[in-house]
Asks: 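Have a look at this one.
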Amino acid sequence: QVQLVESGGGLVQPGGSLRLSCAASGSIFSRYVMGWYRQAPGKQRDLVAVITSNERTNYADSVKGRFTISRDNAKNMVYLQMNSLKPEDTAVYYCNARLDRVDYTVINYWGQGTQVTVSS
């Protein structure tokens, strides 16, 4: 079991930067694949970035070169550094933890989200 709490969202102007944080508790953090997803009003929840236990990363095409995901296993934290923000980045951002079990089943945990608004 993992509990996730996001923070760091807010209002920022286009071209600005923001860093989101996700604090995890309840299990062995280093075993989980961690990710950030986002959901705009009326839209599906989409993957933004993911980082594995050995720190391999993947990004949505829309954020490549602008966003960076990182993790600090000693602190049970995952971060999303967002630079060159655009209005289309506006969404609720969710922290995700994924555990891949030895029997090939998958467990996902979600935070409650933090609002990011990019506007002039």
Asks: How long is the gap from CD1 on Ile107 to CG on Asp100, to the nearest 0.5 Å?
Replies: 9.5 Å
Asks: Count I, L, V, M, F, W, Y as connected when their side-chain heavy atoms are under 4.5 Å apart, and connections chain through other members. Are Tyr32 and Val5 then in the same cluster?
Replies: no
Asks: Minimum heavy-atom separation for Gly113 to Val92, with atom names?
Replies: CA-CG1, 3.8 Å
Asks: Between Trp36 and Cys22, what is the shortest heavy-atom contact and its length?
Replies: CZ2-CB, 3.7 Å
Asks: Calculate, to the nearest 0.5 Å, the distance between atoms SG and CG belonging to Cys95 and Leu80 respectively.
Replies: 10.0 Å
Asks: Can any side-chain N or O of Thr90 pair as donor or acceptor with the backbone N or O of Val118 at less than 3.5 Å?
Replies: yes
Asks: Give me the atom names and distance for the closest heavy-atom approach of Val116 to Gly9.
Replies: CG2-CA, 4.2 Å
Asks: If I take atom CG from residue Leu11 and atom CG from residue Leu18, how far apart are they, to the nearest 0.5 angstrom?
Replies: 9.5 Å
Asks: Side-chain contact, heavy-atom cut-off 4.5 Å: Gln3 with Ser25?
Replies: yes
Asks: Classify the angle between the aromatic ring planes of Tyr94 and Trp110 as parallel (below 30°), tilted (30 to 60°) or perpendicular (above 60°).
Replies: perpendicular
Asks: Can you tell me if CD on Glu88 sees more than 12 non-hydrogen neighbours from other groups inside 6.0 Å?
Replies: yes
Asks: Verify whether one side chain among Asn73 and Arg71 offers a donor that lies under 3.5 Å from an acceptor in the other.
Replies: yes
Asks: Are any non-hydrogen side-chain atoms of Ser119 and Pro87 less than 4.5 angstrom apart?
Replies: no
Asks: Which heavy atom of Ser53 sits nearest to which heavy atom of Ser30, and what is that distance?
Replies: OG-O, 2.9 Å
Asks: How long is the gap from CZ on Phe29 to CG on Asp72, to the nearest 0.5 Å?
Replies: 8.0 Å
Asks: Is Met34 reachable from Tyr79 through a run of hydrophobic residues whose side-chain heavy atoms are each under 4.5 Å from the next?
Replies: no
Asks: May I ask you to decide if Gln112's main-chain N or O and Glu6's side chain share a donor-acceptor pair within less than 3.5 Å?
Replies: yes
Asks: Is there a path of hydrophobic side-chain contacts, each under 4.5 Å between heavy atoms of I/L/V/M/F/W/Y residues, joining Val50 to Tyr109?
Replies: no
Asks: Do Tyr59 side-chain atoms and Ile69 backbone N/O form a donor-acceptor pair below 3.5 Å?
Replies: yes
Asks: Give the C-alpha distance, both sets of side-chain angles, the deciding distance and a yes or no for side-chain contact (heavy atoms from CB on, under 4.5 Å) between Val106 and Leu99.
Replies: CA-CA 6 Å; Val106 177; Leu99 177 64; over 6 Å; no
Asks: I would like to know whether Ile51 and Val33 meet side-chain contact (heavy atoms from CB on, under 4.5 Å); could you show each step before the answer?
Replies: CA-CA 6 Å; Ile51 183 166; Val33 177; over 6 Å; no
Asks: Is Val12 reachable from Met82 through a run of hydrophobic residues whose side-chain heavy atoms are each under 4.5 Å from the next?
Replies: yes
Asks: Any idea which heavy atoms bring Ser21 and Met77 closest together, and the distance?
Replies: CB-CE, 3.8 Å
Asks: Show your working on salt bridge (charged side-chain N to carboxylate O under 4.0 Å, His left out) between Asp89 and Arg66 and close with a plain yes or no.
Replies: CA-CA 11 Å; Asp89 295 318; Arg66 300 189 297 121; 2.8 Å; yes
Asks: In the single-linkage hydrophobic clustering (I, L, V, M, F, W, Y; side-chain heavy atoms under 4.5 Å), do Tyr37 and Phe67 co-cluster?
Replies: no
Asks: Using only heavy-atom distances, determine whether the side chains of Arg38 and Tyr93 contain a donor-acceptor pair under 3.5 Å.
Replies: yes
Asks: Considering all heavy atoms of both residues, which atom of Ala40 and which atom of Ala91 are nearest to each other, and what is their separation?
Replies: N-CB, 3.9 Å
